[in-house]
Amino acid sequence: MGMIIQTISMKSVTAEGLGTLSVFEGGHDVPFDIKRIYYIYGAPQGTQRGGHAHKALRQVLWCPYGSILIRLDDGHETSEVLLNDPAKGLIVEHNMWREMLWQKDDSVLCVAADSYYDADDYIRDYDEFKKRVSE
């Protein structure tokens, strides 16, 4: 069947000489309501983060500055999505292993999640992840 990669193009409005405003809305542009937003910044090129999956959490990732390669693994196949456009978002569903690789110094990764932080929702062991998605 193949892994389904879902990206969104944010609504963007440019005012000449004043920049561009891009927006997405939970429940409209992404398939869930948003409960938490966080961001990662100040990382040098070559930084790798992630290395986990979530049991239930759903997210949209976007890179308002820089370039970050997102590696996704559903337990059967892998795919890569480059986030280097501030008006492009990537939906990451639950039970999806993810790794984020900084392609440029000081790139910023923003995340909007459908749930509050819950340490018990993380799957940090790849073998446990593989077992879970093969059931």
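Below, each value reflects all heavy atoms present in this structure, side chains not excepted, and no hydrogens, waters or symmetry copies. Every value quoted in this text rests on a predicted model; they were computed, and no experiment measured them.
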(message) So does Arg58 get a backbone contact from the side chain of Asp114, meaning a donor-acceptor N/O pair under 3.5 Å?
(response) yes
(message) Which residues pass the salt bridge (charged side-chain N to carboxylate O under 4.0 Å, His left out) test with Glu80, not counting sequence neighbours?
(response) Arg71
(request) Would you please test Val13 and Val23 for side-chain contact (heavy atoms from CB on, under 4.5 Å) and show each step? (result) CA-CA 9 Å; Val13 178; Val23 63; over 6 Å; no
(request) Output the distance between atom CD1 (Ile70) and atom SG (Cys63), rounded to the nearest 0.5 Å. (result) 8.0 Å
(request) Mind listing the closest non-hydrogen atom pair of Glu93 and Pro31 along with its distance? (result) OE2-CG, 4.4 Å
(message) Listing request: all ring-ring contact (aromatic ring centres under 6.0 Å, His included) pairs with a residue in residues 68-99, at least two apart in sequence or in separate chains.
(response) Trp97-Tyr126, Trp97-Phe129
(message) For a 4.5 angstrom cut-off between non-hydrogen side-chain atoms, does Asn95 reach Ile123?
(response) yes
(message) Please check if the number of heavy atoms outside Lys131 that lie under 6.0 Å from its NZ is greater than 12.
(response) no
(message) So which atom in Ser67 and which in Ser107 form the shortest heavy-atom distance, rounded to 0.1 Å?
(response) N-OG, 2.9 Å
(message) Do Ile37 and Leu109 land in one hydrophobic cluster if side-chain heavy atoms of ILVMFWY residues count as linked below 4.5 Å?
(response) no
(message) Once you measure the plane-to-plane angle for Tyr122 and His52, does it fall in the parallel (<30°), tilted (30-60°) or perpendicular (>60°) bin?
(response) tilted
(message) Return the CG to CD1 distance between Asp74 and Ile4, rounded to the nearest 0.5 Å.
(response) 9.5 Å
(message) Can you confirm whether Val30 sits close enough to Ile91 that some side-chain heavy atom of one is under 4.5 Å from a side-chain heavy atom of the other?
(response) yes
(message) Ser115: which residues meet the side-chain contact (heavy atoms from CB on, under 4.5 Å) condition with it, sequence neighbours left out?
(response) Leu57
(message) Looking at Ala56, is its backbone amide N or carbonyl O close enough to the side chain of Asp121 to form a donor-acceptor pair, meaning the two atoms are under 3.5 Å apart?
(response) yes
(request) List for me each residue that meets side-chain contact (heavy atoms from CB on, under 4.5 Å) alongside Thr47, sequence neighbours excluded, and say none if there are none. (result) Ala43, Pro44, Arg49, Trp102
(request) Could you tell me which non-hydrogen atom of Asp125 sits nearest to which non-hydrogen atom of Glu128, and how far apart they are? (result) OD2-N, 2.8 Å
(message) Counting C-beta onward and ignoring hydrogens, is there a side-chain heavy-atom pair between Lys88 and Val81 closer than 4.5 Å?
(response) yes
(request) For the residue pair Ile68 and Ile40, establish whether any side-chain heavy-atom pair is separated by less than 4.5 Å. (result) no
(message) Please give me the minimum heavy-atom distance between Tyr65 and Asp106, naming the atom from each residue.
(response) CD2-O, 3.4 Å
(message) Rounded at 0.5 Å granularity, tell me how far CG in Leu61 sits from CG in Leu72.
(response) 8.5 Å
(request) Applying side-chain contact (heavy atoms from CB on, under 4.5 Å), name anything that partners Asp33, two or more places apart in sequence or on another chain. (result) none
(request) Report yes or no: does Gln103 contribute a side-chain atom to a donor-acceptor pair with the main-chain N or O of Leu101 at less than 3.5 Å? (result) yes
(request) Taking all non-hydrogen atoms of both residues into account, name the closest pair between Arg98 and Met100 and its distance. (result) CG-SD, 3.8 Å
(request) Kindly write out the residues that satisfy salt bridge (charged side-chain N to carboxylate O under 4.0 Å, His left out) with Lys130, not counting sequence neighbours, or none if the list is empty. (result) none
(message) Test of understanding: with side-chain hydrogen bond (donor to acceptor under 3.5 Å, both in side chains), list the residues that count as partners of Ser12, not counting sequence neighbours.
(response) Ser22
(request) Applying side-chain hydrogen bond (donor to acceptor under 3.5 Å, both in side chains), name anything that partners Thr20, two or more places apart in sequence or on another chain. (result) Thr14
(message) I'd like to check the side-chain hydrogen bond (donor to acceptor under 3.5 Å, both in side chains) partners of Lys55; sequence neighbours left out, ordered by chain and number.
(response) none
(request) Report whether Val92 and Ile8 are members of the same hydrophobic cluster (ILVMFWY, side-chain heavy atoms less than 4.5 Å apart, transitive linking). (result) no
(request) Check side-chain hydrogen bond (donor to acceptor under 3.5 Å, both in side chains) between Asp118 and all other residues, then give those that pass, not counting sequence neighbours. (result) none
(message) Starting from Ile5, can I reach Trp62 by hopping between I/L/V/M/F/W/Y residues whose side chains sit under 4.5 Å apart?
(response) no
(message) Applying side chain to side chain donor-acceptor pair (under 3.5 Å) as the test, list every pair that has at least one member in residues 34-43; sequence neighbours left out.
(response) Tyr38-Gln59
(message) The criterion is side-chain contact (heavy atoms from CB on, under 4.5 Å); which residues satisfy it with Leu18, sequence neighbours excluded?
(response) Ala15
(request) State the CD-CD1 distance between Glu25 and Ile34, to the nearest 0.5 angstrom. (result) 9.0 Å
